Amino acid sequence: MASVLRSPAATRAEALVERVADAPVLPLGSAPEPGAEAAPPPVEEPSRALALSDVIAVKSGPGEALIRLAYRMGIPGHAIAAPFRRPQAVRVTATVESPNRGDRTAGTALRAGHFLIHGVRLPISSFDFSLPAHHAPGVERVVHSFAWLADLAACASRAEGAAVAERIAGLWLHAHSAPGRGPAWETELAGLRLVAWLVHAPLMLGGTDKGLKARLLAAIAETAGWLDKRAPREPAGLGQVAAWAGVVAAGLLLPHGKPRRLFGEAGLVKALGDMVGEDGGVLSRCPAAQLDAIRLLTDLIACYEAAEVTPPPALAVMRELLVPPLLALRHGDGALGCWQGQGAIAADRVNAVIEASGVRTRPLAQAQGWGYSRIKAGETLLQFDTAPPPRAKHARTGCASTLAFELSDGPQRIIVNCGGSALAGGQVPARIGQGLRATAAFSTLVLDNANSTAVLLHGKLGKGVETVDLERRQIARPGHREATRIEAAHDGYAGRFGLSHQRILTLSGDGTELAGEDILIPTAKNGKRGKIGFAIRFHLGRGVEVQLSPDKRGASLLLPDGRLWQFRLGGDRGGAGEITLHAEDSLWVDGDGRPHATEQLVIEGLALRSGGQFSWRFKKTG
């Protein structure tokens with residue numbers, strides 16, 4: 001089998017570079033001499049399969065390099081940019097017109113005196129902004145990143161919105177005047193906050209309180225200085241990218257900013273390369289982080305336009321790389337699949353971010369580097385998690401979802417994952433957030449009620465799946481269109497139970513039939529004796545009605561729009577006793593954080609420790 005860690009998408013990155021930039025592309029390798037045996041490709045560390053900075057770097061002459069060095073050594077920007085002049089007072093030097101648009105509903109709620117976060121209304125008047133206060137992570141993210149400014153801008157004129165922004169900003173500044181303390185000063189939130197303050201400066205600084213305006217300008221300068229020091233030390237990921245984006249935005253829109261901008265651009269390009277894999281997927285494997293990264297780059301490029309400065313070509317290259325993998329995770333309804341803790345992010349939100357980016361492209365056919373395999377046949381779309389979970393240093397709300405899949409028929413979802421653990425604390429009760437990260441919350445096989453990868457606190461993951469082998473091929477069928485077959489296997493249960501899990505999915509060319517096999521393979525030559533419990537779970541989409549067959553070997557699935565699918569168990573080898581099929585309660589979390597009661601089909605029984613094979617089939621019949 002071929003490893004999932006390699007992909008031909010590096011050539012796509014080079015083509016994008018050639019199209020966007022005039023600079024020559026750095027070679028990724030040299031051709032062997034005639035007659036010589038080609039050297040094997042180097043093995044690359046999967047968390048840095050393709051760094052953008054390896055392909056295109058920020059161009060600068062000796063003068064700019066010297067300015068960057070001086071700023072990095074701590075010489076103030078005004079002393080470098082204008083050494084014989086007084087430093088200018090802090091002000092925002094240009095008005096940014098960002099194509100990103102916020103949520104009008106959330107903005108209207110703000111004008112009415114409430115935060116609307118994940119469907120929950122939180123009165124501003126009674127919201128606890130204080131340092132010791134603990135809120136759900138999703139709430140803290142919206143409030144402390146000032147993401148709500150975009151919502152306010154979407155539903156109010158500057159004059160109307162400024163009063164609301166002034167009220168909230170005053171409460172926030174009173175509670176968080178000292179930098180570096182509390183969740184508000186997580187590096188990612190601080191970087192996003194600084195970008196939001198600068199992009200929406202007319203709202204932030206357009207109120208009538210002159211004293212508050214002075215405090216806000218001081219906070220902008222102080223946050224920029226804090227990020228100057230913090231960004232180089234931040235681990236790779238969206239947090240580091242957000243920090244560098246804040247530095248660059250401040251360099252563009254504050255006086256004497258050129259040294260800071262040059263310093264920030266070099267750091268930002270490297271951070272983008274460290275955050276993104278070879279085919280454009282973020283290494284956290286989180287669709288929401290992918291969406292946030294695209295939105296952030298769009299805001300930052302708008303800052304360049306406002307300052308009338310040409311952005312580094314690398315930013316446009318990266319934005320073009322980020323969009324196709326995200327589109328690959330859209331179902332027929334336009335919303336995203338439920339992966340790595342996220343709910344099904346709504347189609348209008350996804351479309352708004354893509355439209356604002358200006359990138360027009362098709363979904364990536366095989367986002368193998370990102371870890372999601374996609375098959376589209378007729379109106380049927382399959383998404384399959386065929387990679388290890390994100391490394392601990394990249395995980396946001398890490399989930400043990402390896403070899404889970406989702407299936408949709410047109411706008412109707414048939415098989416889903418529960419999703420929503422990152423939204424716990426809103427309408428999703430906080431106490432079940434951890435359970436939504438477990439393997440049992442995904443449509444895959446579970447051994448002995450154990451997670452394929454250990455689920456730890458605070459979104460982190462422990463030991464478990466290290467490697468996933470993957471093979472994809474077309475299968476000829478006489479008289480029919482070619483079917484697509486994907487075989488994948490992971491080692492998450494090998495250490496504990498001596499078994500690896502292999503899943504084979506075959507989708508017919510017309511999209512009317514999905515055949516599946518779940519195989520347990522001994523990892524040692526002499527398999528262990530005894531039995532072990534297993535369950536194969538298929539979480540059903542919202543509104544799917546289930547009717548089990550009289551022999552308990554199949555089920556009818558009636559979709560909300562009247563489409564009918566049949567599920568049927570095949571033969572099994574390696575079962576130790578009766579293999580049963582039954583329906584259980586489940587839940588599914590939508591993109592607004594609302595949980596919906598659903599059902600799941602569960603194949604359950606005992607398997608021999610020496611291995612087993614269990615087959616099943618979904619077929620469209622109406």
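Note that this is a predicted model, so its numbers are computed, not measured.
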Practice item. Measure the shortest side-chain to side-chain distance between Phe534 and Val446 over non-hydrogen atoms and say whether it is less than 4.5 angstrom. Key: no

Check your understanding: Thinking salt bridges, do Arg594 and Asp592 make one under a 4.0 Å N-O criterion?
Key -> yes

Practice item. For Asn449, look at atom CG and say whether over 12 heavy atoms of other residues, nucleotides or ligands are found less than 6.0 Å away. Key: no

Review point. Do the side-chain N and O atoms of Gln600 and Arg537 include a donor-acceptor pair separated by under 3.5 angstrom?
Key: yes

Point to revise | For Arg285, side chain to side chain contact (heavy atoms under 4.5 Å, CB included) partners two or more places apart | key: Gln340, Trp370, Tyr372, Asp385, Ala387, Pro390

Review point. Should Lys393 and Asp274 count as an ion pair when the cut-off is N to O under 4.0 Å?
Key: no

Going by atom type alone, with no hydrogens or angles, which donor-acceptor pairs under 3.5 Å involve a side-chain atom of residues 451-459 and a protein atom two or more places apart or on another chain?
unit_1: Asn451; atom_1: OD1; unit_2: Thr439; atom_2: N; d: 3.0
unit_1: Ser452; atom_1: OG; unit_2: Thr439; atom_2: OG1; d: 3.4
unit_1: Thr453; atom_1: OG1; unit_2: Val465; atom_2: N; d: 3.1

Practice item. List for me each residue that meets side chain to side chain contact (heavy atoms under 4.5 Å, CB included) alongside Thr523, sequence neighbours excluded, and say none if there are none. Key: Ala494, Ser500

Exercise for review: Indicate whether the side chain of Ser586 and that of His539 have a donor and an acceptor atom separated by less than 3.5 Å.
Suggested key: yes

**Study point:** Lys/Arg-Asp/Glu bridge criterion (N-O < 4.0 Å) met for Lys620, Glu513
**Key:** no

Study note, to complete from the structure: Residue set satisfying side chain to side chain contact (heavy atoms under 4.5 Å, CB included) with Glu188, at least two apart, ordered chain then number -> Arg141, Leu192, Leu238, Ala242, Arg396

Check your understanding: Considering residues at least two apart in sequence or located in another chain, which fulfil the side chain to side chain contact (heavy atoms under 4.5 Å, CB included) criterion with Lys463?
Key -> none

Review point. Below 6.0 angstrom between ring centroids: does that apply to Phe538 and Phe618?
Key: yes

Review point. Salt-bridged, Arg472 to Glu487, with N to O below 4.0 Å?
Key: no

Revision key, fill the gap. The salt bridge (charged side-chain N to carboxylate O under 4.0 Å, His left out) partners of Arg230 (sequence neighbours excluded) come to Glu234

**Study point:** Atom CZ of Arg473 with >12 non-hydrogen neighbours under 6.0 angstrom
**Key:** yes

